[in-house]
Amino acid sequence: MRKIAALIFSLLCVESALSDEISVHWLYSWMPFTYTVPEGSVGIFFRGGFYKEVYEPGIHRLFTWPVTKGMRINVRPQIDIIEDIACGTMDGLTIHFPRIAVYNQLHKEEVLNIVSNFGEDYDHYLITEPTIQAVTELCTTMTAQEIYIDKFPTINDFLLQHLVEEQAKSNSKLKINKVVVSKPVLPGNIRKNYEVIVEEKSKLVAVSQIQARKLKEAETEQLGRSKKAQTDKMVAEIENEKKLAEEKNKMELEKIRVAVRIHQLREDAEAEALILRQKGEAEAYVIQVSGEARANATLQEAIANERLITPLYVDLKQAEAFWRNNNSKLIYFGENIPKTVYPGFIDSEEVRKFAN
């Protein structure tokens with residue numbers, strides 16, 4: 001029994017060492033074999049001639065040998081390196097690509113499908129061989145200068161597109177992320193010539209870039225000036241519109257003030273005219289009344305004078321005037337006093353009567 005167990009253990013160790021299979025841990029107890037699937041991988045087990053199931057990362061206990069074989073499949077992004085690919089160019093030179101890196105990833109949902117259809121070494125069939133074929137075909141359509149200098153920057157995209165199309169044709173569902181191609185190696189003398197060409201081309205590119213940068217700076221500066229001019233113009237237009245609006249408002253206000261002033265002056269003139277007219281009418285009425293009063297007074301005076309100026313009144317006034325005149329006074333002495341104080345005037349008795 002011990003010999004059988006030792007033989008089984010030896011065979012498992014040899015099988016694990018010679019393949020990329022899942023690590024097998026023998027437990028010295030009643031438990032069966034334990035398979036460990038590391039993180040970033042999935043496990044598949046070969047039973048009865050085909051793969052049945054995918055196991056997640058972790059420890060799995062299964063009855064194994066001799067009916068079951070396990071493999072670990074990486075499902076993380078990985079890089080397949082293809083080295084030293086030789087090809088002949090269209091102009092008859094043989095060049096070598098020292099290294100081509102293909103970044104790819106197999107999702108765990110496609111593991112059974114891709115391993116069943118393309119085997120455990122699926123990346124050789126789906127990545128390595130199509131890449132070598134694409135490089136060989138590419139060389140036959142280009143000269144060494146095109147591959148080494150002119151069209152070298154496009155090779156990465158060309159190979160990436162080619163591998164993506166190959167996966168679509170094979171329905172592998174293998175995801176190709178990118179392809180990085182190293183600079184090809186040319187024969188020594190030809191490489192020196194191309195290096196000179198590349199150097200001159202680099203200088204030309206540098207000069208072109210400097211010129212382009214200066215041109216871009218000039219364009220940027222011109223654009224900045226243009227934008228500043230447009231901004232200044234817009235600001236000026238806004239300011240002008242604002243000033244015009246302000247002037248228009250001032251004019252409207254001035255028109256309103258003038259209209260109000262004219263209306264006020266018109267009302268004042270009409271009021272003054274009314275006052276003058278009323279004043280004239282009042283003065284005319286006053287003059288009329290005064291005239292009528294004076295006329296009436298004069299008439300009354302005339303009537304009074306007519307009544308006052310009687311012969312006796314006239315005589316009295318004459319006598320008063322006579323007596324006011326000192327030179328006209330006469331002094332009589334004696335017994336024979338004249339009957340009158342002034343010849344031709346009223347009698348003294350009549351004067352006394354009138355005075356009383």
Side-chain angles (χ1 to χ4, degrees), residues 19-20 40-42 44 51 71-202 205:
S19 65
D20 190 21
S41 302
V42 294
I44 56 175
Y51 297 99
M71 284 198 63
R72 181 178 66 247
I73 304 296
N74 188 3
V75 292
R76 286 176 175 172
Q78 60 182 352
I79 305 173
D80 283 16
I81 304 298
I82 307 169
E83 297 180 340
D84 195 21
I85 301 176
C87 65
T89 64
M90 189 172 62
D91 51 355
L93 294 178
T94 300
I95 62 176
H96 295 265
F97 287 91
R99 185 176 184 270
I100 296 177
V102 180
Y103 294 74
N104 62 92
Q105 183 178 10
L106 175 61
H107 294 287
K108 62 183 180 180
E109 294 82 2
E110 305 298 331
V111 168
L112 279 179
N113 173 60
I114 201 168
V115 173
S116 298
N117 292 327
F118 304 102
E120 302 168 3
D121 195 15
Y122 63 89
D123 51 354
H124 178 79
Y125 177 79
L126 296 174
I127 295 176
T128 304
E129 289 300 328
T131 301
I132 295 173
Q133 178 187 359
V135 169
T136 303
E137 293 177 355
L138 182 67
C139 287
T140 59
T141 60
M142 293 184 183
T143 63
Q145 180 174 345
E146 289 175 335
I147 294 175
Y148 192 76
I149 299 175
D150 298 338
K151 297 183 180 181
F152 178 74
T154 66
I155 295 178
N156 290 341
D157 293 335
F158 171 78
L159 292 180
L160 174 62
Q161 183 65 28
H162 178 76
L163 290 176
V164 169
E165 291 176 356
E166 286 295 321
Q167 307 316 308
K169 291 178 182 178
S170 303
N171 194 26
S172 66
K173 305 294 179 64
L174 180 64
K175 184 178 180 182
I176 308 298
N177 295 321
K178 68 176 179 178
V179 177
V180 178
V181 180
S182 299
K183 196 74 173 178
V185 177
L186 302 176
N189 56 342
I190 297 176
R191 185 180 68 253
K192 291 180 180 179
N193 294 335
Y194 282 130
E195 287 175 353
V196 173
I197 294 174
V198 171
E199 184 179 358
E200 294 299 326
K201 187 176 181 180
S202 299
V205 170

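For this chain, numbers begin at 1 and follow the sequence in order.
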Can you tell me how far the [atom1] atom of [X] sits from the [atom2] atom of [Y], to the nearest 0.5 Å?
X    : Y    : atom1 : atom2 : answer
E146 : T141 : CD    : OG1   : 8.0 Å
I44  : E120 : CD1   : CD    : 7.0 Å
L138 : Q133 : CG    : CD    : 12.0 Å
I100 : L159 : CD1   : CG    : 5.5 Å
I132 : D84  : CD1   : CG    : 10.0 Å
Q161 : N156 : CD    : CG    : 13.5 Å

Practice task
Show your working on side-chain contact (heavy atoms from CB on, under 4.5 Å) between T89 and T143 and close with a plain yes or no.
Solution key: CA-CA 5 Å; T89 64; T143 63; 5.7 Å; no
Completion exercise
For residues 93-140, the ring-ring contact (aromatic ring centres under 6.0 Å, His included) pairs (sequence neighbours left out) are F118-Y125
Handout entry: Worked verdict on I81 versus R99 for side-chain contact (heavy atoms from CB on, under 4.5 Å)
Key = CA-CA 7 Å; I81 304 298; R99 185 176 184 270; 3.0 Å; yes
Which pair of heavy atoms, one from [X] and one from [Y], lies closest together, and at what distance?
X    : Y    : answer
P98  : K183 : CD-O, 3.3 Å
L163 : L126 : CD2-O, 4.2 Å
I147 : P184 : CG2-CG, 4.1 Å
I127 : T131 : O-OG1, 2.6 Å
N74  : S41  : CA-OG, 4.0 Å
I82  : T128 : CD1-CA, 3.6 Å

Exercise for the section: Evaluate the side-chain contact (heavy atoms from CB on, under 4.5 Å) criterion for residues E110 and L174: first the C-alpha distance (whole Å), next the side-chain angles of each, then the deciding distance (0.1 Å), finally the verdict. Expected result: CA-CA 8 Å; E110 305 298 331; L174 180 64; over 6 Å; no
Handout entry: pair L186-Y148: side-chain heavy atoms closer than 4.5 Å
Key = yes
Donor-acceptor pair, side chain of [X] and main chain of [Y], under 3.5 angstrom:
X    : Y    : answer
S116 : N113 : no
D121 : G119 : no
S170 : S172 : no
Q167 : K175 : no

Practice task
Dump the intermediate steps for side-chain contact (heavy atoms from CB on, under 4.5 Å) on N104 and Q78, then the final yes or no.
Solution key: CA-CA 6 Å; N104 62 92; Q78 60 182 352; 3.4 Å; yes
